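Step one of this worksheet: look at the structure below.
If you're wondering where the values come from, they're calculated on a predicted model, not measured in any experiment. Chain naming here is simple, since letters A, B, ... match the order of the sequence lines and numbering starts at 1 in each.
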There are 4 protein chains.
Amino acid sequence: MSDNRQNIINATDRLLQTHGLARLTTREIAREAKVAEGLIYHHFKDKAELIYEVVETRVRETKNQMLNLPLQVGKRSLSENLEEVLLSVYHAHYEITPIVNCIFADQKLRVRLQEIVKERNMGPQYAIEGLDVYLAAEQRLGRLSDAVEPAVLAKCLWMISIQSAMLDRWMGNESDETRVRRGIHDCVQTLMTGFAPRPKTEEKTEVKKSK
Amino acid sequence: MSDNRQNIINATDRLLQTHGLARLTTREIAREAKVAEGLIYHHFKDKAELIYEVVETRVRETKNQMLNLPLQVGKRSLSENLEEVLLSVYHAHYEITPIVNCIFADQKLRVRLQEIVKERNMGPQYAIEGLDVYLAAEQRLGRLSDAVEPAVLAKCLWMISIQSAMLDRWMGNESDETRVRRGIHDCVQTLMTGFAPRPKTEEKTEVKKSK
Amino acid sequence: MSDNRQNIINATDRLLQTHGLARLTTREIAREAKVAEGLIYHHFKDKAELIYEVVETRVRETKNQMLNLPLQVGKRSLSENLEEVLLSVYHAHYEITPIVNCIFADQKLRVRLQEIVKERNMGPQYAIEGLDVYLAAEQRLGRLSDAVEPAVLAKCLWMISIQSAMLDRWMGNESDETRVRRGIHDCVQTLMTGFAPRPKTEEKTEVKKSK
Amino acid sequence: MSDNRQNIINATDRLLQTHGLARLTTREIAREAKVAEGLIYHHFKDKAELIYEVVETRVRETKNQMLNLPLQVGKRSLSENLEEVLLSVYHAHYEITPIVNCIFADQKLRVRLQEIVKERNMGPQYAIEGLDVYLAAEQRLGRLSDAVEPAVLAKCLWMISIQSAMLDRWMGNESDETRVRRGIHDCVQTLMTGFAPRPKTEEKTEVKKSK
DNA sequence: AATGAATGAGCTTTCATTCAT
DNA sequence: GATGAATGAAAGCTCATTCAT
């Protein structure tokens, strides 16, 4: 009666989070899911397909989160929105990071999954695009400086969020809500103002836009 | 003659870069180093120790690279210096990324290396610190806005660089010099100016500094 | 409706012909027969029993074919008749050869089937006997040399036919009608005359009959 | 010190003879050879390569036997020589038959081995050719009827020998020396004389040579 | 009668590690 | 120091068989 297919996916996800790919054996998965080892191969062609399914599930959730970003346009302040959005990105990647790292460590698995990702058109761009669209909208509303390229800014912010998540994972830091929120807040505030030297006098700061 | 030890370390490094941890077998290492499989166990207690040695070597090199960053203070323009520094960070981590990913994929290996990294104070902070010191110096010279916290800015820039490197690795992009340089240039220019809405009139933009 | 039993037997036969015993899984059989895997175990005690059923069916058919061989006695020339008969033997065994090989590959299966074959008197003798009876009849009609032992000749001819079939299977040759027919024709003609040195003079060739 | 490579080959040969391919597991091979299972993969790339080696060894022996056939030309009587030769063929194939059958039962293994056999040019023709050459030589000496085609006769005799061996294997008959020798003797004597009807009177037997 | 999810033993293969030389 | 044959534990995967529905 219990949906063992989902059961196995969840068990695999849990094990990837806690023990990494190196210790992810079919035997362990079966034990964690409380099913027979052979059942895995009833539901999935091989271990790689199972792992893909886990990633796909995770990514789908994250993707949906990202696609909802533009809905917030114009509400609240720009930095409030941004911080919320980046926090979302952070959390999504805090979850997904161990799996991504694991896949990257196995050349063979990586190549195979890259193919699947390519054919299903599911790269990491989705997140950046979501941000990009949101920022462009805010720019049209005059809530974002006309001087910035939304695409470049989106990429910077996204990278900071995802790297924060990876760093916390790497350092073994718990994903403490207030600490993370403050970190993101600091980044946003700092970048918002820019770091070009503030003129002591009236003269305007001169910045050439890159081609 | 007996630089077979270094021989093995180099071979392992090469294999980690190209094939990842998953296919890193002692047999493969021995073949790559052109020595007998058993010799590995004369020079290293076990495979983990060998891998640690490889990582340690790499990280030490990268660390030294990072510590020399502040030497450029005051010369040329701020953004020229920053772009050069960030390019260094990018390249260093482009090299080290596959190894870092591999370590992260194996919980057991990761825990062991984390301890070593912690006790020898070899975390990623060193790089940020290098940047931090450099930025603070520039700030004292008045070439960097007083409004920013050097530490926060350093972290942001570092994260962007390292994440770019990882992304290129993940996407299978070659580390093309001009493309990378342009990417970093765009980021620096964008962040330098900030993205707070530009006042159409004279009034100053008001930004509260985070506590 | 419920000729699913025969359905499964036929599917198994087809798979044995094309893929051999090694890849003959119950899952494959079920797919080929378009029934559920479990249904096999409603109709047969186990896989061995199913295989036995397939072999039994095949062998019975072949046996019946062979028993009708002597019907041709006296009509047409001896060699014409023989060639026709041997062609029949060839075709029958071309079909049955893969299955026979498969059985022979599994000692356990072989022993079990040997017993059944023995008790039902279904060995390969029947075919030889059919030939034997036919040859004896021809001998009585004076169309076959008195010097030969029909049983020995029957065995020789039968062996040549069956071995030709096995060889064609082994070599991956299609059972091309004209090629096969010519091969058998050549054999018959050659053996018919014998290979004892032809006396240049009148004296008779002296051949001692074996005890 | 003991040559474990040959050890494993011999063990595999023994198991193929007694239990067939179906029960030929690496575990069993290791136990029979009294070595660890992993050692098999130190000496052979996979199980198929091991099996090929077994066959190759067997075939090499048989091949050498066959190539020595023509040395007997002219010595003793034709039928004595032939019987000896065919006995040799019989014994060689009595040994090799179980393995050949086993290979034939596994489509995948068969295809792979056929490729190897083809590229090394080691088909079963060698045996027929050996016989063919021998018979042609005897024909030139006038010890074999001019009326026969050596190639056809060679094939017939070879097929009878090999099929006798397979039949004895199939029937579970021990390879009893005197019984086998008598069987071959009977065949040779029978075929030597031919089975064309013997003329009661003086008239010559008329046999058309096949085109 | 019919299904197909579920089982678990056992298969081939990999690989870190040991050890006699 | 150096070799590579040998080990054995465990990996991914297959498959005949069972069983609730």
- Proximity to the side chain of D:K47 - top-ranked nucleotide from E:dT12, F:dA6, F:dA16: E:dT12
- Task: In plain terms, say whether D:E53 and D:R5 are close enough for a salt bridge, that is, a side-chain N and a carboxylate O under 4.0 Å apart.
- Result: yes
- Message: Please determine whether salt bridge (charged side-chain N to carboxylate O under 4.0 Å, His left out) holds for the pair D:E37 and D:R27, giving the CA-CA distance in whole Å, both sets of side-chain angles, and the decisive distance to 0.1 Å.
- Response: CA-CA 6 Å; D:E37 217 179 336; D:R27 232 177 297 278; 3.2 Å; yes
- In C:N10, C:D3, C:N4, the residue satisfying side chain to side chain donor-acceptor pair (under 3.5 Å) with C:N7 is C:N4
- Query: Base, sugar-phosphate, or nothing: which does B:T26 touch, judged by heavy atoms less than 4.0 Å apart?
  - Reply: base
- Message: In whole Å, I'd like the distance from the NE2 atom of A:H43 to the P atom of F:dC13.
- Response: 16 Å
- Write down the distance between CD1 (B:I29) and C1' (E:dT14), rounded to a whole number of angstrom. 14 Å
- Task: For A:E49 and F:dC13, give me the distance from atom CD to atom C1', rounded to whole Å.
- Result: 14 Å
- Query: Roughly, in whole Å, what's the span from CZ in B:R23 to C1' in E:dT13?
  - Reply: 12 Å
- For A:Y41 and F:dT14, is the shortest distance between a side-chain N/O and OP1 or OP2 below 4.0 Å? no
- Message: Looking at D:H43, I'd like to know if its NE2 atom is crowded, meaning that more than 12 non-hydrogen atoms belonging to other residues, nucleotides or ligands lie closer than 6.0 Å.
- Response: yes
- Whole angstrom is fine here: how far is it from CG in A:L50 over to P in F:dC13? 10 Å
- Residue pair A:V54 / A:I9: nearest heavy atoms and the distance that separates them: CG2-O, 3.7 Å
- Between NZ of B:K45 and P of E:dA16 the distance, given in whole Å, is 15 Å
- Message: If I take atom OH from residue C:Y94 and atom CD from residue C:Q17, how far apart are they, to the nearest 0.5 angstrom?
- Response: 9.0 Å
- Give C:L24 one of three labels, base, sugar-phosphate or nothing, depending on what nucleic acid heavy atoms sit under 4.0 Å from its own. sugar-phosphate
- Item | Atom-pair distance (CG on B:L21; P on E:dC15), nearest Å | 11 Å
- Gap between atoms CG and P, on A:D46 and F:dA11 respectively (whole Å): 17 Å
- Task: Pull out every stem in DNA chain E, meaning runs of 3 or more consecutive Watson-Crick or G-U wobble pairs with both distances under 3.5 Å.
- Result: E:2-21 with F:2-21
- Query: Any ion pair linking D:E32 and D:R14 (charged N to carboxylate O, less than 4.0 Å)?
  - Reply: yes
- Residues touching DNA chain F, which here means a heavy atom under 4.0 Å, drawn from residues 11-18 of chain B: none
Write out a two-atom table: protein N or O, nucleotide N or O from nucleotides 7-9 of chain E, distance below 3.5 Å.
from, atom 1, to, atom 2, distance (Å)
E:dT7, OP2, A:A36, N, 2.9

- Message: Let me confirm one number: the OG1-CZ distance from C:T12 to C:F44, rounded to the nearest 0.5 Å.
- Response: 7.0 Å
- Query: Under 4.0 Å between a Lys/Arg side-chain N and an Asp/Glu carboxylate O for D:E95 and D:R58?
  - Reply: yes
- Note on the structure: Comparing B:T25 with D:E28, nearest DNA chain E nucleotide closer to 5' gives the residue D:E28
- Item | Shortest non-hydrogen contact from A:Y41 toward A:D46 | CE2-CA, 4.0 Å
- Note on the structure: For D:I40 and D:A30 the tightest heavy-atom approach is CD1-N, 4.3 Å
- Query: Which distance, rounded to the nearest 0.5 Å, do you find between the NZ of B:K47 and the CG of B:L21?
  - Reply: 6.0 Å
